[in-house]
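Everything on this sheet refers to the single structure shown next.
Side-chain atoms are counted along with the backbone in the values below, which use heavy atoms only and exclude waters and symmetry mates. The structure displayed is predicted, hence computed values, not measured ones.
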Amino acid sequence: MSSEKSWNSAYGRPHMRFGTVVADPTGRPLPPLNWALLILFIALQVADVVTTNYALAVPGNWEINPLMEFAQAHLGPSWWIPKIAAAGLAAAVVLHIRRPWPIACAVSYYVLIVSGNLTCL
């Protein structure tokens with residue numbers, strides 16, 4: 001018969017302290033798939049900024065995202081700084097989760113965004 005401690009450590013379950021879930025204290029490295037998706041996510045952020053700048057230079061195009069439109073109106077050419085800050089925060093969160101599906105969803109979304117920007121060129 002296994003004790004609860006060995007069951008949790010054997011199956012990688014999160015540890016419980018006073019009813020709250022805490023991060024796995026073993027400090028296991030991030031899986032390679034998560035690293036690949038994180039690098040792709042960062043590359044897509046840069047591609048989004050570059051393709052958005054080029055697409056907005058074409059007459060008849062406009063920013064669909066109201067938050068980015070607000071940043072463009074108030075920050076001018078430095079509109080991308082809050083976007084990169086939010087992407088950096090998202091990347092930091094990815095370093096602490098073990099499942100690849102959240103970052104895979106974000107990568108899929110930004111593939112669509114960058115593709116849309118490229119079609120506007």
task: Can you run down the salt bridge (charged side-chain N to carboxylate O under 4.0 Å, His left out) pairs that involve residues 102-119, sequence neighbours left out, and say none if there aren't any?
output: none
task: For Ala87 and Phe41, work out which heavy atoms get closest and say how close.
output: O-CE2, 3.8 Å
task: List for me each residue that meets side chain to side chain contact (heavy atoms under 4.5 Å, CB included) alongside Ile97, sequence neighbours excluded, and say none if there are none.
output: Pro102
field: side chain to side chain contact (heavy atoms under 4.5 Å, CB included) partners of Leu95, counting only residues at least two apart
entry: Leu30, Trp35, Leu38
Pair listing, side chain to side chain donor-acceptor pair (under 3.5 Å) test, anchored in residues 101-111, at least two apart: Lys83-Tyr110
Less than 3.5 Å apart, which donor and acceptor atoms pair up between the side chains of residues 114-121 and the rest of the protein, not counting sequence neighbours?
from: Ser115; atom 1: OG; to: Val111; atom 2: O; distance (Å): 2.7
from: Asn117; atom 1: ND2; to: Asp48; atom 2: OD1; distance (Å): 3.0
from: Asn117; atom 1: ND2; to: Thr51; atom 2: OG1; distance (Å): 3.0
from: Asn117; atom 1: ND2; to: Thr52; atom 2: OG1; distance (Å): 3.0
from: Thr119; atom 1: OG1; to: Gly116; atom 2: O; distance (Å): 2.7

query: Who pairs with Leu33 by side chain to side chain contact (heavy atoms under 4.5 Å, CB included), at least two apart in sequence or on another chain?
result: Leu37, Pro100
task: Quick one: which residue pairs count as a salt bridge (charged side-chain N to carboxylate O under 4.0 Å, His left out) with a foot in residues 53-65, not counting sequence neighbours?
output: none
Sequence neighbours excluded - salt bridge (charged side-chain N to carboxylate O under 4.0 Å, His left out) pairs with any residue from residues 106-121: none
message: The criterion is ring-ring contact (aromatic ring centres under 6.0 Å, His included); which residues satisfy it with Phe70, sequence neighbours excluded?
response: His74
task: Check whether Ile39 and Ile103 end up in the same hydrophobic cluster, where Ile, Leu, Val, Met, Phe, Trp and Tyr are linked by side-chain heavy atoms less than 4.5 Å apart.
output: no
- prompt: Is there a path of hydrophobic side-chain contacts, each under 4.5 Å between heavy atoms of I, L, V, M, F, W or Y residues, that connects Tyr54 with Ile113?
  reply: yes
field: Pairs involving residues 64-79, ordered by first then second residue, that meet salt bridge (charged side-chain N to carboxylate O under 4.0 Å, His left out) (sequence neighbours left out)
entry: none
statement: Apart from Trp79 itself, members of its ILVMFWY cluster (side-chain separation under 4.5 Å) are Val49, Met68, Trp80, Ile81, Ile84
